[in-house]
Protein chains: 2
Amino acid sequence: MSLRHAVLGLLTEGPASGYDLLKLFDASLSNVWPATQSQLYGELSKLADAGLITVSAEGPRGRKEYALNDEGLAELRRWILEVEPARPLRNDMLLRVFFLAQVDPEQARSYIRDQAAIGRKYQEHLEGIRERIGSDTDNLSTYGRLALEWGLRFTRTQQEWAEWAEEQIR
Amino acid sequence: MSLRHAVLGLLTEGPASGYDLLKLFDASLSNVWPATQSQLYGELSKLADAGLITVSAEGPRGRKEYALNDEGLAELRRWILEVEPARPLRNDMLLRVFFLAQVDPEQARSYIRDQAAIGRKYQEHLEGIRERIGSDTDNLSTYGRLALEWGLRFTRTQQEWAEWAEEQIR
DNA sequence: GGGGGCATGTAAATCGTTACATGATTTT
DNA sequence: AAAATCATGTAACGATTTACATGCCCCC
């Protein structure tokens, strides 16, 4: 049920169309909650039906601009404060680790080494984002920086772990 | 498609029924790849249809014991070595962070503080597992220890991040 | 007038969760 | 004899991904 709240959250920055939101997702939330075009339009319809957002304007090419209303903002706040976040459950990189005895030790080490490299690469990706948002002061960027820092620490931990784990396999 | 490979991986330890596998999932993989009973029985049927596992014995109460065959083991190895792991995409704890401007700063700080507590609690859960597996020498435990260490480092990172982030909000 | 971007929508397939349904066997 | 455990399966619903389908508007 989080896509719904991601949409509500983005609409706090102002009214937007499905098309606008799709770009916003790609630009800001894609690292913690990606959304496809398909999903987005469906969710906007449902949110409007549920009375949490309102069509605030219609433009050319059937453009529908949606705005957050009071009910929507209340629901967003409720979700933030009262719904316990679900911890990420699935990690197929770690799932493979459980089964590394099924490949040669050298291949296992190589697998782990690759995970360090992937961590490094993703870290660079995040550093690119950090440069791009610079010191923007909008709400999404301000708090997004906290999420970004989480990602950077996470990738660093992944690299350190991979170095440690590669040693363990010897 | 990873449930399929989780099943293949568990069957490397020996033949097992759906019922056995469900317990194995709960005991070993539930932290990286949980599975429900429903899903498991369905996947076993599909794997048997696909010729990656074989019914190796039938027991009382309609018990069907499945065994990994050569095709299944080959597929498992292929998946480990050749399929790039997908990084975890969704994290609703971080999604909420993006929207913390919508609640009082004091509530935002409290939210972050809660995440440190959740990290601590999950860390204790993992330490419990570490004690329970002790120095077991089966493949799943040996490599599972690497995954466990990942989890412990991850929870530590989460706690450190939360302390840092709480400061940032001031 | 053509190309690129704007804009929305639907359909099909797969995966995952929850709940329902059933019944046999073993243990106390 | 009852309770616990073993054991499998189906149905309904919701989320996600990928692909398909359509067409308008603006700039060059």
Side-chain angles (χ1 to χ4, degrees), chain A residues 1-8 10-11 15-27 29-50 53 55-66 79 83-92 95, chain B residues 1-8 10-11 15-27 29-50 53 55-66 79 83-92 95:
Chain A
M1 285 291 285
S2 295
L3 174 66
R4 149 163 304 205
H5 299 98
V7 170
L8 294 175
L10 287 180
L11 286 176
S17 68
Y19 194 83
D20 296 337
L21 287 171
L22 189 61
K23 282 182 295 175
L24 266 176
F25 263 95
D26 288 346
L29 302 186
S30 61
N31 289 287
V32 302
W33 209 274
T36 61
Q37 179 256 28
S38 231
Q39 235 184 323
L40 210 42
Y41 285 107
E43 193 60 48
L44 284 168
S45 292
K46 282 190 229 159
L47 278 165
D49 287 350
I53 62 178
V55 177
S56 57
E58 307 209 18
R61 278 162 298 198
R63 175 189 170 92
K64 272 177 280 183
E65 205 173 68
Y66 293 93
W79 173 75
V83 181
E84 176 101 359
R87 72 177 189 81
L89 287 176
R90 295 187 162 80
N91 185 322
D92 72 325
L95 181 58
Chain B
M1 286 288 286
S2 295
L3 174 65
R4 150 162 304 205
H5 299 98
V7 171
L8 294 175
L10 287 181
L11 286 177
S17 67
Y19 194 83
D20 295 337
L21 288 171
L22 189 61
K23 283 182 293 175
L24 266 176
F25 264 94
D26 289 346
L29 302 185
S30 62
N31 289 288
V32 302
W33 209 275
T36 61
Q37 179 255 27
S38 233
Q39 236 185 323
L40 210 42
Y41 284 108
E43 193 60 47
L44 283 168
S45 292
K46 281 189 230 159
L47 279 166
D49 287 350
I53 63 178
V55 176
S56 57
E58 306 209 19
R61 277 162 299 200
R63 175 187 170 93
K64 272 178 279 183
E65 207 173 67
Y66 293 93
W79 173 75
V83 181
E84 177 101 358
R87 70 177 191 83
L89 287 177
R90 295 185 163 79
N91 185 322
D92 72 325
L95 181 58

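Chain letters run A, B, ... following the sequence lines, proteins first and then strands; every chain starts at 1. Computed from heavy atoms alone, side chains included, the values below leave out hydrogens, waters and symmetry copies.
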5' priority, DNA chain C, between Y66(A) and W33(B) [closest heavy atom] | Y66(A)

If we only count heavy atoms from C-beta on, is the E43(B) to L8(B) side-chain gap below 4.5 Å?
-> no

Is the closest side-chain heavy-atom distance between N31(B) and R87(A) below 4.5 Å?
-> yes

Does the side chain of L22(A) reach to within under 4.5 Å of the side chain of Y41(A), using non-hydrogen atoms?
-> no

So does K64(A) get a side-chain nitrogen or oxygen closer than 4.0 Å to the phosphate oxygens (OP1/OP2) of dG9(C)?
-> yes

Figure out the CG/C1' separation between L3(B) and dC15(C), and round it to whole Å.
-> 9 Å

Here the distance between atom P of dA13(C) and atom CZ of R4(B), to the nearest Å, is 17 Å

Using a heavy-atom cut-off of under 4.0 Å over every strand shown, decide if R90(A) touches base, sugar-phosphate, or nothing.
-> sugar-phosphate

In whole angstroms, the gap separating C1' of dG9(D) from CG of L22(B) amounts to 14 Å

Counting just side-chain N and O atoms, does K46(A) come under 4.0 Å of either OP1 or OP2 of dA15(D)?
-> yes

Is there a side-chain contact between L24(A) and L29(A) (heavy atoms, below 4.5 Å)?
-> no

Can you find a side chain N or O atom of Q37(A) that sits less than 4.0 Å from OP1 or OP2 on dG9(C)?
-> no

Side chains of N91(B) and W33(A): closer than 4.5 Å at any heavy-atom pair?
-> no

Which whole-number value in Å describes the distance from E58(A) CD to dT8(C) P?
-> 10 Å

Rounding to a whole Å, what distance do you find between F25(B):CZ and dT17(C):C1'?
-> 15 Å

For the side chain of T36(B) and the base of dT18(C), is some donor closer than 3.5 Å to an acceptor across the two?
-> no

Can you check the L21(B) CG to dC6(D) C1' distance for me, whole Å?
-> 14 Å

Polar side-chain contact S38(A)-dT16(D) base: donor and acceptor under 3.5 Å | no

Assert: residue with more 5' nearest nucleotide on DNA chain D, out of M1(A) and P60(A), is M1(A)

When we call it a touch if two heavy atoms are under 4.0 Å apart, what does S17(A) touch: a base, just sugar-phosphate, or nothing?
-> sugar-phosphate

Indicate whether OP1 or OP2 belonging to dG9(D) is found under 4.0 Å from a side-chain N or O atom of Y41(B).
-> no

Rounded to the nearest angstrom, tell me the gap between atom NZ in K23(B) and atom C1' in dT8(D).
-> 14 Å

Is there a side-chain polar atom (N or O) of Q39(A) under 4.0 Å from OP1 or OP2 of dA15(D)?
-> no

From CD of E65(A) across to C1' of dC6(C) the rounded distance in Å is 14 Å

Under-4.0 Å side-chain N/O to phosphate OP1/OP2 contact, R63(A) with dA7(C) = yes

